[in-house]
Amino acid sequence: MANKYLLNEGVHMPTVTGLFQEMWESTIKGKLEEADKKKSDNNYSVVQLLLHEIGTYLQSNPYRERLFLHPDLKDEARAAVLRTKGNELFHKRERKYIAATVYYNESIAHSPKGSEVRAIGYGNRAAVCLQLGRYEDCLANVRLARESNYPAALMGKLTMREVAAQSMQASAEAARRFADDPMEPEDQHAQELKLSYPAHPTVPQRVADLQLCNNQQYGRHVVATRQLRVGDVVMVEKPYATVLSDHMKRVRCAFCHAEEPFLLIPCEECTIAMYCSQKCLRAAWQQYHRYECPILNDMRTIGTEYLALAVRTVAIALASFDHDLEALRAHLSHLDVSKVNAFEMDWRAASPKAVYETVYSLATNQRKRGRKDFALNVLVAMITHKLLLKRTPAAQVCGADPILRKTLLNLLLHHLQSTIVNHQFLHYMDYLAEQDVYEPDEYAIACFPLLSMLNHSCAPNVKRITMRDGRCALVVTRQIADGGQLFDHYDVHHWMIPRKQRQKILKQLYKFTCECEACVKDYDSLLGFVDKYATPVEFMLTGSINDRLVVHSEEEAFKWLPLLRDYMNSAGRHYPTSLSVVSMSHMIRCYQILHTYTSWISMCRAMDLKPAGKCNLLAPFEKLWQSKIKYLAEHALSICLASCTTSTDAQRVRERFVDQIIILVRSGGIRDQLNLAPDVKGHVAALAYRAQGTALYHPRVCNYIEALKYFNASIAHTELNSVDRGIAYANRSIVCMELHQYEDCVVNVRLARASNYPVRFLPKLAAREARAQHALQRVRTINARKQKNGHRSAERNWQQQEKKPPTAANGAEELSTKLGPHLHGLAVVEYEHLYARCNYCHSRRLFTFIPCEGCTVAMFCSVACLTEAYRKYHRYECGLVRDLWRIGGAGAVTAFRRVAAELASFPDVPSSAEYLELFVAMKGYCAVADGLEGATVQENDHRQLSYRIFLTDIIHQLMVERTVLGFCCIEDPRISRLLFELILYYLTSCAD
């Protein structure tokens, strides 16, 4: 993530490095060699030589044409093309609203002010907002579209969107109050990180117990003047300058970095910068954007975010000196960098000029750089310098004065090298839909004067936590003794990167050879510590904590953080042990969950009724089939045809073939590719489902049955007795009232009360219960009167036949008579009906579904059905049924459910010997039924059989990891083998 430019492309873009390589070989290399022979000349200067030679080369060669450098102009034709791409993503076949918004923003940024193209872009963005229920943003875009000369022919459509948004905004507020579903409850856990000890009297960003030291071994470094404990916050700093990452420029404001993709407005002079408001636009222009605006697009061609941050730092410095470059030059000429101490200066009274001194004094490592590396930086600085003088107000600031022009070039070169060494990344928590997890990702690159004083270690004792307001907090992660040095990591950590690669990165980017404890002792990676050194108890404990944190629950993070801090303070001194390493990673994740901004865009991606997207199992199998399994199958078939004379020989060949596929699957990292994780209930998914259900319940939609499915999905994803579950039950009771299901309404009210329903909403719940009971009593009175007179019941009964369903056993038996006696009670609910049918009897009483507390995909119409399902099969499938759906669909679920039903035939948990006896009997039955003992490779389609073995092994691994059978399989390998054969048999029979 960080240092990705170095690993993939280098600090600068390939276009400029290609030009430099040609220049180096043809001119500069030879000139430097000639100069080396004249070292006795006192006037010899490598810097002056490089400036002269590179300047001469640029004057005599068309570098602008070669690098495609040109003014950044608005283009209506390109804006129209971008808008068309957005329309394709917005179409009802795709419905990728966030991706469509990114294209609409690109179109708006490329369109001229007051053009119809821009107006239509705003109008289309309003349509996205309407679809996502962001009515206030929709109205803002309607206003922007009108101000941008929206076409008169389309004005009716825009007006309709405006009226719909106004109406739905008012209705949504009323519906939200009625549905007891507040917008977003105030976060009771996420409090602002504050310093753990008294702040320094003149440096409020840090605690008083830190000191900046300087010596020959470490250079400038920070030490503690007291013992620091794990969890102590010792610094909270605001960045001097930031630059938004390129992949965020159409999602976040370029100035304040707020995530407002539906409100972004463009800079009128370039196609890159977009802002969330006119206020941010004006502030950016005053502080720095006037200098970078005309060349932003070209800076992306010749450099990365490092160059952009360097130019922005120079622009802010100019603004600090009232755009007087001569004053800036004079100030720096009298500045003694060695005496600048950001840890001691008075920040409370510091002027912008004094603050800039702390940035200017940051290390550049120029003397440590090789000549070729330094020459490349000079080339990039000179090209940027020429662009600034040609297109920006820097030409007026410098005038014709060669000294000022050289000063500007020196500043660019100085801050370019300083940025490469001292940059930091600002992070947010992003939802990765493919892995169904949250991970930190960078949204901006920044410069911090104080944090930059920390030295690097691949096994650091502090961690930078990006806070929601863009500040960075420094948290102690390992105990630091009095006089001990604070070590950060420069985005190079032994947890993720091997020592050899770490050394290469640090040498190439920061110009030093790391001799930290992790490099000297060659610490293993995070996964290595878990896999190689963790005991079974430690593995289970850390896995349990990870399962709770991976769902990104603030409640879980708030609960586990103090426990992990206490453990690290007591046992963390033994770092690195498997438990201390994993505990530290969990503790850092807790801080990120509680204090780092979580992207709301990921919430939009989560609004999908399906509990988990299906895995693409065919892709890894196809790769394995083409590379190895196909050859093994043909080889096994040739052996059978050539030398197998009995069924025993054929069975031996078959078993060898199965073993070879198992080895391939388990050694090829297939499980990691599929991202199969334990099925854990989580606040984020529950909230997303509930929000979608509320939208479907809306008075203008009134899709009550679909709303019920989403409320059921929300209930299934909530933990027992959680507030989220209570609110979902209450919302379900409202739907029951709308459908005149008064009995079910009362049931849901009672369930809501039992699930810690918010106290402030209890009066509404009580009033609804009273109305339902009153209506129910009135209907019963009317029914009794009409039945007495021979009339039909007056009560509206939704799906009458299921109002009083049969018992769980009878319902399942009635269903199994259609499917055959061998599937008694084991029928599988269709994937799309998981939250609309009972998992056991398949009834549609979705008004009163209750969830299984161990998974998120099974719901039951009554406690009787839940009990019967758990007794017959669900206790074995509960931990892996979601992943069974993902990897094998209904066939895999049905196959494993039949195995689970046989296992559940014991009244109690049997011993390994009893399991073995059962499996031997089952295998004998299967052999008689389908000739399993005599099955050979040649009797099956090779590819189909191989795929079933492939799928069986993955299911078998999940079963061993997540069910009680795992202990028995470890204790007796024969049980493991028999279970594998039985799953394979049932997969084959279900497919047939």
Applying side-chain contact (heavy atoms from CB on, under 4.5 Å) to Cys293 and His289, what does each step give before you reach the verdict? CA-CA 5 Å; Cys293 177; His289 191 60; 3.4 Å; yes
Test side-chain contact (heavy atoms from CB on, under 4.5 Å) applied to Trp24 and Leu19, step by step: CA-CA 9 Å; Trp24 175 264; Leu19 174 67; over 6 Å; no
Take Arg589 and Glu439, measure what salt bridge (Lys or Arg N to Asp or Glu O under 4.0 Å) needs, and give me the verdict at the end. CA-CA 9 Å; Arg589 176 52 61 94; Glu439 290 295 338; 3.0 Å; yes
As a quick check of understanding, evaluate side-chain contact (heavy atoms from CB on, under 4.5 Å) for Met382 and Leu51, giving each step before the final call. CA-CA 8 Å; Met382 290 191 73; Leu51 290 173; 4.1 Å; yes
Checking Tyr360 against Leu411 for the side-chain contact (heavy atoms from CB on, under 4.5 Å) test, could you report, in this order, the C-alpha distance in whole Å, the side-chain angles of both residues, the deciding distance, and whether it holds? CA-CA 9 Å; Tyr360 184 81; Leu411 285 172; 4.0 Å; yes
CA sep, side-chain torsions, deciding dist, call: Tyr356, His415, ring-ring contact (aromatic ring centres under 6.0 Å, His included): CA-CA 12 Å; Tyr356 174 67; His415 286 295; 5.6 Å; yes
Trace of the side chain to side chain donor-acceptor pair (under 3.5 Å) decision for Lys511 with Gln366: CA-CA 9 Å; Lys511 309 306 174 187; Gln366 179 172 317; over 6 Å; no
For salt bridge (Lys or Arg N to Asp or Glu O under 4.0 Å), just list the numbers for Arg300 and Glu292, CA-CA rounded to whole Å, side-chain angles, deciding distance to a tenth of an Å, and then say yes or no. CA-CA 12 Å; Arg300 298 167 63 212; Glu292 67 179 18; over 6 Å; no
Side chain to side chain donor-acceptor pair (under 3.5 Å), that's the test. Do Asn455 and Gln485 meet it? Break it down for me. CA-CA 9 Å; Asn455 278 337; Gln485 186 176 170; 3.0 Å; yes
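In this structure, Leu325 and Cys398 have side chains that are in contact, with non-hydrogen atoms separated by less than 4.5 Å. Residues Arg502 and Met496 are not in side-chain contact: their nearest non-hydrogen atoms beyond the backbone lie 4.5 Å or more apart. Counting only heavy atoms from C-beta outward, the side chains of Ser599 and Glu259 approach each other to under 4.5 Å. A heavy-atom distance below 4.5 Å is found between the side chains of Leu509 and Ile420. At least one side-chain heavy atom of His414 sits less than 4.5 Å from a side-chain heavy atom of Thr364. At least one side-chain heavy atom of Val421 sits under 4.5 Å from a side-chain heavy atom of Arg369. Side-chain contact between Ile445 and Thr242: absent, with no pair of heavy atoms (C-beta onward) separated by less than 4.5 Å. The closest side-chain heavy-atom distance from Cys472 to Leu451 is below 4.5 Å.
We find the CG-CD distance between Asn341 and Gln211 to be 9.0 Å, quoted to the nearest 0.5 Å. Note: Tyr575 OH to Asn461 CG = 10.5 Å, rounded to the nearest 0.5 Å. Atom CD1 in Ile465 sits 10.0 Å away from atom CG in Leu594 (nearest 0.5 Å). Annotation: the span from Asp346 atom CG to His200 atom NE2 amounts to 9.5 Å, rounded to 0.5 Å. Rounded to the nearest 0.5 angstrom, Ile593 CD1 and Thr598 OG1 are separated by 8.0 Å. To the nearest 0.5 Å, atom CD of residue Glu53 and atom CD of residue Gln48 are 12.0 Å apart.
In terms of heavy-atom proximity, Gly231 sits nearest to Arg565 at CA-CD, 3.5 Å. Between Thr313 and Ala241, the shortest heavy-atom distance links the atoms OG1-CB, 4.1 Å. Between Pro239 and Ala446, the shortest heavy-atom distance links the atoms CB-CB, 3.9 Å. Shown here for Ala473 and Leu193, the closest heavy-atom pair between the two residues is CB-CD1, 3.7 Å. Nearest approach of Val233 to Ser196, heavy atoms of both residues: N-OG, 2.7 Å. Residue Leu561 comes nearest to Cys590 through the heavy atom pair CD1-CB, 3.9 Å, listed as atom of the first residue, atom of the second, then distance.
Between Tyr306 and His423, the ring planes lie perpendicular to each other; the angle is over 60°, past the 30° to 60° tilted range.
Atom CD1 of Ile403 is surrounded by 12 or fewer heavy atoms from other residues, nucleotides or ligands within 6.0 Å. With a 6.0 Å radius and a threshold of 12 heavy atoms from other residues, nucleotides or ligands, Lys372 has its NZ atom above the threshold. Other residues, nucleotides and ligands place no more than 12 heavy atoms under 6.0 Å from the CD atom of Glu515.
Of the possible polar contacts, none joining the Arg464 side chain to the Val475 backbone as a donor-acceptor pair under 3.5 Å is found. Counting only distance, with no hydrogens or angles, the side chain of His493 and the backbone of His489 share no donor-acceptor pair below 3.5 Å. Listed for the Gln424 side chain is no donor-acceptor partner under 3.5 Å among the backbone atoms of Cys447. Although no hydrogens or angles enter the test, the distance criterion places no donor-acceptor pair under 3.5 Å between the side chain of Arg226 and the main chain of Asp482. Judged by distance alone, the side chain of Arg499 and the main-chain N or O of Cys519 form a donor-acceptor pair under 3.5 Å. Of the possible polar contacts, one joining the Asn569 side chain to the Val230 backbone as a donor-acceptor pair under 3.5 Å is found. Ser580 places no side-chain N or O within donor-acceptor distance of the main-chain N or O of Pro576, the cut-off being under 3.5 Å. In this structure, the side chain of Ser452 does not engage the main chain of Pro449 through any donor-acceptor pair within 3.5 Å. Between the Asp336 side chain and the Ser338 main chain, a donor and an acceptor come within less than 3.5 Å of each other. The backbone N or O of Ala354 lies less than 3.5 Å from a partner atom in the side chain of Ser351, making a donor-acceptor pair.
A cation-pi arrangement is absent between Arg312 and Tyr240, since the terminal nitrogen or guanidinium carbon is not both under 6.0 Å from the aromatic centre and inside a 45° cone about the axis.
The one candidate from Arg471, Arg468, His595 that meets the side-chain hydrogen bond (donor to acceptor under 3.5 Å, both in side chains) condition with Glu192 is Arg471. The ring pair (Phe, Tyr, Trp, His ring centres under 6.0 Å) test with His456 is passed by exactly one of Tyr218, Tyr490, Phe487: Tyr490. Each of Leu50, Leu379, Asn365 was scored for a side chain to side chain contact (heavy atoms under 4.5 Å, CB included) with Phe374, with one residue passing: Leu50. Of the listed residues (Phe343, Trp347, Phe448), just one forms a side chain to side chain contact (heavy atoms under 4.5 Å, CB included) with Thr358, and that residue is Trp347.
Looking at Glu22 and Arg66, a side-chain N of the basic residue comes within less than 4.0 Å of a carboxylate O on the acidic one, giving a salt bridge.
Inspection of the Asp232 and Tyr197 side chains reveals an N or O donor paired with an N or O acceptor under 3.5 Å.
Between Tyr443 and His427, the ring center distance fails the sub-6.0 Å criterion.
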